[in-house]
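Accompanying notes for the structure given below.
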Amino acid sequence: MHPRRIIQWLAALGYNANIPGFFKGRIYRGELKSFCVPGLNCYSCPGAVASCPLGAVQAVIASARYAFSFYAVGLMIGFGLMFGRLICGFLCPFGLLQELLHASHARPAKFKKAEKTAKIARPARLVKYILLAVFVFALPFLTKGAAGVGDPAFCKYICPAGTITAGGPLLAANPLMREGLGLLFALKASIALITIAGCLASYRFFCKYLCPLGAFYGLFNSFALYRLRLNKDACTRCGACASVCGMGVNPARSPDSPECIRCGDCVKTCPASAISRGFRNRACQPQTESASCAIPPKTRYKK
Amino acid sequence: MDAGRPEPVKTDARRRRALRAVFFVIAVAFILIGWHRGEIRTVFIKAATICLECIGIG
């Protein structure tokens with residue numbers, strides 16, 4: 001198994017270590033739930049042993065006592081500052097689920113080409129920023145009623161991770177809960193089905209277009225401690241990196257792109273070893289070429 | 001390169017370091033403010049009960 005996939009599985013199992021909960025249809029109620037994991041992992045998933053950062057932000061803003069969540073936003077800034085969207089690539093169970101779905105069947109090559117050339121694809125990526133601003137930060141505050149309690153709007157109306165990983169096992173194990181299903185569940189189940197279909201057609205459909213947490217971490221990609229670095233002198237502009245990137249990034253042009261999830265596929269593919277990644281590898285910078293990064297360009301990449 | 005003009009790479013690195021420092025201070029300050037205001041308890045209470053909104057019921 002690929003090392004990244006092993007880390008993804010370990011993170012998913014670590015976040016959801018309450019395995020008996022899946023069989024009993026009950027969630028974990030220990031003190032660990034006060035803390036947030038870096039990835040998107042619904043706290044009502046029976047396995048979850050900690051909180052989802054997006055859920056925590058909304059829970060606090062929607063509560064009667066507060067208008068803003070310093071604690072959860074502070075944690076998210078800390079995670080983003082350290083890792084940027086490496087979290088999406090390595091430490092997000094919903095990202096793993098999407099990758100497994102995408103890998104589950106073969107697609108015609110025209111699918112990827114169609115997505116790359118579609119005019120709507122690029123502006124559609126802005127949707128996740130709108131969801132972050134409106135559904136995660138604004139609506140939980142603006143929907144507060146007379147009692148002073150608002151709706152965790154993203155969790156309530158959109159989040160497919162909650163519907164699939166919390167709703168699925170809990171509804172399966174609790175017949176009483178199934179009696180409460182209505183229009184809201186129909187809406188959420190539809191979004192979950194669209195997400196699943198999207199993931200079958202497109203690599204990490206939810207991450208690309210809908211995930212507010214990825215949008216938040218993407219803001220830190222250009223100055224996070226963990227970064228992708230390009231040696232412009234070694235780069236031959238062959239386009240090999242852009243052709244393997246599932247997120248549609250061209251690392252030779254924008255290694256700091258907020259869309260890059262730091263999966264490392266471009267690093268492995270680059271025939272000139274012009275791309276590196278890590279926490280403090282300063283070697284591969286233009287104009288500061290050192291012996292460690294002065295790798296002569298190999299022959300041009302041919303497909 | 002002009003003696004008075006800094007190299008772009010160094011400026012970039014300096015800008016990154018400054019941003020990191022600023023956001024590190026913000027992150028620590030936010031966590032401490034949140035802890036002081038008792039937000040952690042609110043997160044725990046929400047996370048330790050089944051979130052009906054997350055499932056699509058409430």
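Residue numbers start from 1 in every chain, and the chains themselves are labelled A, B, ... in the order their sequence lines are given, proteins ahead of strands. For the numbers below, each heavy atom of this structure counts, side chains included, while hydrogens, waters and symmetry mates do not. Just so it is clear, the model here is predicted, and its values are computed rather than measured.
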Next on the checklist: Out of the candidates A:I61, A:V60, A:V73, only one should pair with B:E39 under the side chain to side chain contact (heavy atoms under 4.5 Å, CB included) rule; please name it.
Outcome noted: A:V60

Checklist entry - To the nearest 0.5 Å, how far apart are CE in A:M177 and CG in B:L52? => result 6.5 Å

Checklist entry - Given side chains that start at C-beta, do those of A:L181 and B:I57 come closer than 4.5 Å, heavy atoms only? => result yes

Item to check | Atom pair OG/CD1 of A:S63 and B:I45 - distance to nearest 0.5 Å | outcome: 9.5 Å

Item to check | Flag if over 12 foreign heavy atoms under 6.0 Å of CZ, A:F68 | outcome: yes

Next on the checklist: Just verifying a value: how many Å separate A:Y71 OH and B:R37 CZ, rounded to the nearest 0.5 Å?
Outcome noted: 13.5 Å

Checklist entry - Is there side-chain contact between A:R227 and B:R16, with heavy atoms separated by less than 4.5 Å? => result yes

Checklist entry - Should we count CZ of A:R26 as having more than 12 external heavy atoms under 6.0 Å? => result no

Checklist outcome for this item: Whatever's closer than 4.5 Å to a heavy atom in chain A on B:R41 counts as side chain

Checklist outcome for this item: One option among A:Y28, A:F220, A:F35 has the most heavy-atom pairs under 4.5 Å with chain B, and it is A:F220

Next on the checklist: Just verifying a value: how many Å separate B:I33 CD1 and A:F70 CZ, rounded to the nearest 0.5 Å?
Outcome noted: 5.0 Å

Checklist entry - Taking every heavy-atom pair that is under 4.5 Å apart, which of A:D151, A:V57, A:L170, A:L81 has the most such pairs with chain B? => result A:L81

Checklist entry - Is there a side-chain contact between A:R29 and B:T49, using heavy atoms and a 4.5 Å cut-off? => result yes

Checklist entry - Considering only heavy atoms, which portion of A:R65 lies under 4.5 Å from any heavy atom of chain B: side chain, backbone, both, or neither? => result side chain

Checklist entry - Checking heavy atoms, do the side chain of A:M82, its backbone, both or neither come under 4.5 Å from chain B? => result neither

Item to check | A:L75, part contacting chain B, at a heavy-atom distance under 4.5 Å | outcome: both

Item to check | A:A224 portion near chain B, given a 4.5 angstrom heavy-atom threshold | outcome: backbone

Checklist entry - Is chain B contacted by the side chain of A:N174, its backbone, both, or neither, given a heavy-atom distance below 4.5 Å? => result neither

Item to check | Which portion of A:K33 sits near chain B, non-hydrogen atoms under 4.5 angstrom | outcome: both

Checklist outcome for this item: Given A:A161, A:P152, A:A166, the one with more heavy-atom pairs under 4.5 angstrom with chain B than any other is A:P152

Item to check | Side chain, backbone, both or neither of A:T163 within contact of chain B (heavy atoms, under 4.5 Å) | outcome: both

Next on the checklist: Please report the interatomic distance CD1(B:I55) to SG(A:C45), rounded to the nearest 0.5 Å.
Outcome noted: 10.5 Å

Checklist entry - Considering residues, nucleotides and ligands other than A:L183, do more than 12 of their heavy atoms fall under 6.0 Å from its CG? => result no

